[in-house]
J.: 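Quick one: this structure, given as structure tokens, is what I'll be asking you about.
Worth saying up front: this structure is predicted, and the values here are computed from it rather than measured. Whatever order the structure lists them in is the order used to number ligands and atoms, beginning at 1.
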Amino acid sequence: MQEVVYNKFSKTIFFYCFFLETYLTMAFEEKKYNTEIVKVDPLNPEKEIIKKAAKLIVLGEVIGFPTETVYGLGADATNSHAINKIFEAKNRPQDNPVIVHVHSIKEAEKSVTEFSELAERLAKAFWPGPLTMVLPRSDYISPEVSKGLSTVAIRMPAHSVALELIKNSGVPIAAPSANLSGKPSPTKAIHVFKDLQGRIPLILDGGSTLVGVESTVVSLINNPPVLLRPGGVTIEDLKKFIPNLIVPENFSSEKPLSPGQKYRHYSPETKLVLVINGSTADPKKIDSIGRRFGGQPVVLCSNPDHRHDLHVIHLGNNPKEIQANFFASLRILDDASFDVGILEGIEPVGPGFAVMNRAKKAAHKIIVLD
Ligand code: AMP
Ligand code: MG
């Protein structure tokens, strides 16, 4: 009898210790930092602020900063330990490589073993800007950046804060989007704060990003080059320089051409239904979709004036605006108290191609209306 009591007692103590340790580990891991948000002039960044941020990069820390596409979560691309911290901070799957950001062509050339003639032409046309090229990686870049691949994805961002940060750090900066893995990409500093508060020491707040979706990723490893991810540079513009560009039918998880294609992305917490080929202006249709998917619907669309009887989140007046507002709208959806977001698809041309790529990945369900 005594033995039973003793066992029960020790079991209780064991469980208390176990839970206490788990709690402390979680608390310690997630709230390691007192995250600071510092406002910075997006056009003429203050030197002192950039210096402070660059110092953190040199010390092997990870920080949030604006680019023209979305906010990035940056670390020294030559420091394996710092790169591992990026993956930890955002819970990124360990086999999904990150993009290296440079401030000069010279730095890009140093990061790869061969900067081909085509790479040079593309850089001249689109850099600084939202085009990422996959090229053979040099030893200058930490192998952790590419997660086992012999290649590296590289770009020069068109944002003064990003460029000054890289220049002042003296090293290229590896940076995925600064969201928790699976969440919509951040286009404002507050989005980064909400996802990564306590996990990083600093976020530079340069206001809203202009492009709103991530860079276009193109692999130049084989000929013809392959589009790995649609993004800020349109396919139409890219094809002017690469007429034989291979554009896959879809960028699905079944046959990933790039590790990033395997994973679920950009999803809001609220159920999101993407409607293709049909207007969402009919309140009866919206009600019925709402009922089918669990309750009160809100429509995410571009022409709110025609929807007096519906709750609406306005995406923008044209494809470029829709692209710029897309991720922020998914976060607005989560902050509002609706049960279902019904997203009206747009034509997949120009910026619409990247928007629809993100929309399909973010949606929990896709409906084709006739
Ligand atoms: P993110 O950093 O979240 O914007 O995503 C970067 C995208 O680029 C992901 O889809 C990665 O899989 C892809 N990527 C990065 N490096 C490489 C590489 N070396 N080869 C192929 N894809 C890459
Ligand atoms: Mg991302």
J.: So, is N96 polar-close to ligand 1, with some N/O to N/O distance under 3.5 Å?
T.: yes
J.: Would you indicate whether E347, at its atom CD, is surrounded by more than 12 heavy atoms from other residues, nucleotides or ligands within a distance under 6.0 Å?
T.: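 No, CD of E347 has 12 or fewer neighbouring heavy atoms, counting only those of other groups under 6.0 Å.
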J.: Give the C-alpha distance, both sets of side-chain angles, the deciding distance and a yes or no for ring pair (Phe, Tyr, Trp, His ring centres under 6.0 Å) between F326 and Y266.
T.: CA-CA 10 Å; F326 181 74; Y266 320 123; 8.0 Å; no
J.: Do the charged groups of K55 and E61 touch, with an N to O distance under 4.0 Å?
T.: no
J.: Using a 6.0 Å cut-off, check whether atom NZ of K271 has over 12 heavy atoms from anything other than its own residue.
T.: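 Open: at most 12 neighbouring heavy atoms sit under 6.0 Å from NZ of K271.
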J.: Does any N or O of ligand 1 fall below 3.5 Å from an N or O anywhere on K90, backbone included?
T.: no
J.: Which atoms from ligand 1 have a heavy atom of L149 less than 4.0 Å away?
T.: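 Going through ligand 1 atom by atom, the ones under 4.0 Å from L149 are 18 (C), 19 (N), 20 (N).
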J.: Which of these, P97, G148, A175, P136, has its nearest heavy atom closest to atom 23 (C) of ligand 1?
T.: P97
J.: What atoms in ligand 1 come closer than 4.0 Å to a heavy atom of P176?
T.: 2 (O)
J.: Counting only heavy atoms closer than 4.0 Å, does ligand 1 sit against the backbone of T132, its side chain, both, or neither?
T.: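 Near ligand 1, T132 shows nothing, with every heavy atom at 4.0 Å or more.
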J.: Is a salt bridge present between E114 and R137, judged by a nitrogen-to-oxygen distance below 4.0 Å?
T.: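 No, E114 and R137 are not salt-bridged.
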J.: Can a salt bridge be assigned to the pair K284 and D287 using a cut-off of 4.0 Å between side-chain N and carboxylate O?
T.: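 Here K284 does not pair with D287 in a salt bridge, since their nearest N and O are not under 4.0 Å apart.
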J.: Do the charged groups of E46 and K52 touch, with an N to O distance under 4.0 Å?
T.: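 A salt bridge is absent here (no side-chain N lies under 4.0 Å from a carboxylate O).
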J.: Parallel, tilted or perpendicular, judged at 30° and 60°: which one describes the rings of H101 and F65?
T.: perpendicular
J.: Do other residues, nucleotides or ligands put more than 12 heavy atoms under 6.0 Å from the NZ atom of K147?
T.: yes
J.: May I ask you to list the atoms of ligand 1 that are less than 4.0 angstrom from any heavy atom of A153?
T.: 15 (C), 16 (N), 17 (C), 19 (N)
J.: Assess R137 for proximity to ligand 1: is some non-hydrogen atom of it under 4.0 Å away?
T.: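 No heavy atom of R137 comes that close to ligand 1.
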J.: Does the N or O separation between S146 and ligand 1 drop below 3.5 Å for any pair?
T.: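 N/O-N/O distance below 3.5 Å does not exist for this pair.
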J.: So what's near the Mg ion (ligand 2), protein N, O or S atoms under 2.8 Å?
T.: S177 OG
J.: Could you check whether any heavy atom of S177 sits closer than 4.0 Å to an atom of ligand 1, since that is the contact criterion I want to use?
T.: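 The answer is yes: ligand 1 sits under 4.0 Å from a heavy atom of S177.
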J.: Against T69, only a single residue in R155, E214, H159 fulfils side chain to side chain donor-acceptor pair (under 3.5 Å); can you say which?
T.: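 Considering R155, E214, H159, a side chain to side chain donor-acceptor pair (under 3.5 Å) with T69 is found only for R155.
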J.: Please examine the side chains of D205 and V40, heavy atoms only from C-beta on, and report whether any two atoms are closer than 4.5 Å.
T.: no
J.: Do T132 and R229 get their side chains close enough for a donor-acceptor pair, meaning under 3.5 Å?
T.: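 Judged by distance alone, the side chains do not pair up.
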J.: Output the list of atoms in ligand 1 that are nearer than 4.0 Å to some heavy atom of R229, sorted by atom number.
T.: 1 (P), 4 (O), 5 (O), 6 (C), 7 (C)
J.: List ligand 1 atoms under 4.0 Å from L228, heavy atoms only on the residue side.
T.: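 Going through ligand 1 atom by atom, the ones under 4.0 Å from L228 are 21 (C), 22 (N).
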J.: Which atoms from ligand 1 have a heavy atom of T151 less than 4.0 Å away?
T.: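 Atoms satisfying the 4.0 Å criterion: 18 (C), 19 (N), 20 (N).
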J.: Which atoms of ligand 1 are found less than 4.0 Å from any heavy atom of I99?
T.: 6 (C)
J.: If you define the side chain from C-beta out and look only at heavy atoms, does anything of N317 sit under 4.5 Å from S302?
T.: no
J.: Counting heavy atoms only, which part of R155 comes closer than 4.0 Å to ligand 1: side chain, backbone, both or neither?
T.: neither
